[in-house]
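Treat the numbers as computed from the prediction; the structure is a model and nothing was measured. The analysis underlying the following values was restricted to heavy atoms, covering all of them including side chains, and did not include hydrogens, waters or symmetry mates. Each ligand, and each atom within it, is numbered from 1 in the order the structure gives.
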Amino acid sequence: MTPGQTSLVIGAGIGGLGAAVALRQQGIDVDVVEIKPDDGVVGVGINQPGNSLRALDVLGVLEECLAVGYQFDRNEHFDWQGRQILVTPCSLGTDRVPPNNAIARADLHHILGDAARRAGARVAYGVGVADLVDDGDGATVTFTDGRVGRYDVVVGFDGIRSPMRRRLFGEAAEPEYTGFAVWRVTLPRPAEVTHTMLFHGDRSNTGVIPLSEDHMYLLHVTAEPEDARYGPADLAALLRQRLAGYGGLVGRLRESLPDDGVVYSPISEVHLPAPWHKGRVIVLGDAAHASAPNLTQGAAMALEDAVVLADELRRDRPVEESLAAVSHVRFARTKLVQDVSHGILATEMAITADRLDDFAANLREHLPGQAAFVESQLNAPFRLADPASL
Ligand SMILES: Cc1cc2nc3c(=O)[nH]c(=O)nc-3n(C[C@H](O)[C@H](O)[C@H](O)COP(=O)(O)OP(=O)(O)OC[C@H]3O[C@@H](n4cnc5c(N)ncnc54)[C@H](O)[C@@H]3O)c2cc1C
């Protein structure tokens, strides 16, 4: 594509806003539409591992993220009574980016939204896509507010339930529920929470992650029925019940849980077979590959997608060829993240209280090597396949 050509990004989440910045950096004109009425974010905190920070560096917002986030360089594992199992140093990052930076989701959203607008992208809230016709020379899009636009490329960053994925590929790939859900809440940060601390319990897992000098977030993973519909007013009491067996730090935090602010998220996964485009339209981020959150890599993958998309589109070749290259070079890396995340979730949720000692011994023996392998992959360039090798 050449500067001045036009793009539409569907979804102003982390990936969509990242793509808006990356496309503007290539001089491509950008409209973003977001179905939600405003830029409010439901969620708590998010960890940005080193590879995510490398993508944010390309987008020019690294310093802003580091200024409001909390950097750390290791994970520490405990059993549910607070007995330490092991510490794993994190080897992600470069001399420019730390291994991890955790940040409030609202802060990340504002940083990316401001960057997109500063770069010249137009972001419209309360607007979706009513119809899309790709005639080969361009895509004509009718919006839900009645406006019509014509674009050289359309990018669906519209999340795990992606309407654009369904429009392009029917039901070829639909999210599957893992059987587990995450409970999250922001709390004041105790002084000892200076890095990720994971507490392994009886078919459950609890983590605490620092977000700033003042705050941290607690996450708790449990088996939940797919059709569970918990009322917002009940979430805090239900989380307290689920944390009942925990001692140590988590036991103390349980006693100080607020009555509101708990967020409940079922964990589902999807991985669309490549290619992720049809004609001039592609889906990326969670729309193409949503993983369990155990590696804290979902948003990282979406931001990497955004950077690779813009880089492929700047090449002098037909749009369809650039879009084919994107899923080709992104497939293996996003699949690795999904498979490893799924493996961690399944292993942790299979632990029972009477087998915690076996689990701890296993973790001490195998985790350092496994973590080093995964981190070496994530420290590699965002492309895991060379298009020239096709
Ligand atoms: C419990 C949990 C914890 C997580 N923790 C981490 C972490 O620590 N680190 C990390 O890197 N990742 C984490 N993730 C994953 C991360 O949140 C996602 O991978 C990331 O948000 C994906 O970004 P996205 O832009 O692809 O999708 P989303 O962030 O879901 O954004 C999609 C956007 O599209 C909009 N949209 C939907 N339909 C339409 C439509 N028809 N028209 C217009 N707009 C539409 C939505 O409203 C939304 O704003 C976690 C996920 C979960 C569930």
Side-chain angles (χ1 to χ4, degrees), residues 8-20 31-53 55-56 65 69 92 100-105 108-109 112-113 123-132 141 143-145 154-167 175 177-178 180-185 196 205 207 209 211 217-221 262-270 272 276 283-306 309 334 337-338 341 345 378:
L8 170 67
V9 176
I10 304 163
I14 296 169
L17 291 172
D31 278 332
V32 182
V33 289
E34 164 60 50
I35 200 81
K36 286 187 307 199
D38 56 42
D39 64 355
V41 184
V42 178
V44 181
I46 188 162
N47 182 41
Q48 304 176 308
N51 54 310
S52 196
L53 297 170
L56 291 159
C65 290
L92 286 171
N100 297 281
N101 179 62
I103 185 170
R105 277 185 185 254
L108 175 60
H109 232 73
L112 286 171
V123 186
Y125 287 90
V127 181
V129 170
D131 194 24
L132 186 154
V141 179
F143 296 103
T144 50
D145 61 2
V154 176
V155 188
F157 264 107
D158 51 353
I160 186 168
R161 307 271 156 211
S162 171
M164 192 45 69
R165 183 185 61 228
R166 213 162 293 142
R167 183 184 281 270
Y177 181 53
T178 57
F180 304 101
V182 190
W183 308 71
R184 288 172 295 166
V185 62
T196 296
N205 179 278
I209 303 183
L211 276 179
Y217 67 101
L218 177 142
L219 60 96
H220 182 62
V221 186
V262 176
V263 177
Y264 175 80
S265 311
I267 304 173
S268 296
E269 302 167 313
V270 68
L272 183 64
W276 297 337
V283 289
L284 292 172
D286 272 10
H289 47 72
S291 299
N294 299 63
L295 275 182
T296 65
Q297 279 288 339
M301 291 299 110
L303 289 165
E304 290 186 3
D305 283 354
L309 170 75
T334 54
V337 163
Q338 184 177 77
S341 303
L345 177 69
L378 294 171

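Scanning the protein heavy atoms around atom 8 (O) of ligand 1, the nearest turns out to be Asn47 N, 2.9 Å. Counting protein heavy atoms only, atom 11 (O) of ligand 1 is closest to Ala299 N, 2.9 Å. Protein heavy atom nearest atom 18 (C) of ligand 1, with residue, atom name and distance: Asp286 OD2, 3.4 Å. Counting protein heavy atoms only, atom 42 (N) of ligand 1 is closest to Ile10 CG2, 3.5 Å. Atom 30 (O) of ligand 1 has Gly159 CA, 3.7 Å as its closest protein atom, hydrogens excluded (heavy atom only). In this structure, the protein non-hydrogen atom closest to atom 32 (C) of ligand 1 is Phe157 O, 3.3 Å. Scanning the protein heavy atoms around atom 49 (O) of ligand 1, the nearest turns out to be Glu34 OE1, 2.6 Å. Summary of contacts: the protein heavy atom closest to atom 7 (C) of ligand 1 is Ile46 CG1, 3.3 Å.
Polar contact with ligand 1: present for Ile35 (N/O pair, distance under 3.5 Å). Polar contact check, Leu284 against ligand 1: no nitrogen or oxygen pair lies under 3.5 Å apart. Taking any N or O of Ser265, backbone or side chain, none lies under 3.5 Å from an N or O belonging to ligand 1. By the 3.5 Å distance cut-off applied to N or O atoms, Pro293 is not counted among the residues near ligand 1.
In this structure, Leu295 CG and Leu378 CG are separated by 7.0 Å, a value rounded to the nearest 0.5 Å. Distance check, rounded to the nearest 0.5 Å: CG of Leu17 to CG of Leu112 gives 5.5 Å. Here the CD1-CD1 distance, from Ile46 to Ile14, works out to 3.5 Å after rounding to the nearest 0.5 Å. Put simply, CG on Asn294 and CD on Gln338 are 12.0 Å apart, with the number rounded to the nearest 0.5 Å. With rounding to the nearest 0.5 Å, the separation of CG in Leu303 from CG in Leu108 is 7.0 Å.
Which of Gly15, Gly45, Ala19 comes nearest to atom 24 (P) of ligand 1 through a heavy atom is settled by distance: it is Gly15. When the heavy atoms of Arg184, Lys36, Arg105 are ranked by distance to atom 5 (N) of ligand 1, first place goes to Arg105.
Between Arg161 and ligand 1 there is no heavy-atom distance shorter than 4.0 Å. Heavy-atom distances between Pro163 and ligand 1 reach below 4.0 Å in at least one pair. Taking 4.0 Å as the cut-off, Ala287 does not count as a neighbour of ligand 1 on heavy-atom distance. No heavy atom of Gln48 sits closer than 4.0 Å to any atom of ligand 1.
Looking at every heavy atom in both residues, Leu211 comes nearest to Gly45 through CD2-CA, 3.8 Å. Among all heavy-atom pairs drawn from Leu92 and Pro49, the shortest one is CD1-CB, 3.6 Å. For the residue pair Gly156 and Ala287, the shortest heavy atom distance occurs at O-CB, 3.9 Å. Residues Asn51 and Ala300 share a closest heavy-atom pair of ND2-CB, 3.8 Å.
Ring orientation note: the planes of Trp276 and His289 are tilted relative to one another, at an angle of 30° to 60°.
Which parts of ligand 1 touch Gln297 is read off a 4.0 Å heavy-atom cut-off, strictly below it: atoms 10 (C), 11 (O). If you number the atoms of ligand 1 from 1 as listed, the ones under 4.0 Å from a heavy atom of Ile14 come out as 21 (O), 25 (O), 29 (O). Near Ala300, with a cut-off below 4.0 Å to any heavy atom, the atoms of ligand 1 are 11 (O). When each atom of ligand 1 is checked for a heavy atom of Gly128 under 4.0 Å away, the hits are 42 (N). When each atom of ligand 1 is checked for a heavy atom of Gly285 under 4.0 Å away, the hits are 26 (O).
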- Check against side-chain contact (heavy atoms from CB on, under 4.5 Å), Asn100 and Thr196: CA-CA 10 Å; Asn100 297 281; Thr196 296; over 6 Å; no

- Item | Working for side-chain contact (heavy atoms from CB on, under 4.5 Å), residues Leu272 and Val270 | CA-CA 6 Å; Leu272 183 64; Val270 68; 5.7 Å; no

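Taking a cutoff of 4.0 Å between a charged side-chain nitrogen and a carboxylate oxygen, Asp286 and Arg165 do not qualify as a salt bridge.
Counting heavy atoms from C-beta outward, Leu8 and Ile10 have side chains that approach closer than 4.5 Å.
When heavy-atom distances to ligand 1 are checked against a 4.0 Å cut-off, Val33 comes that close only through its backbone atoms N, CA, C and O.
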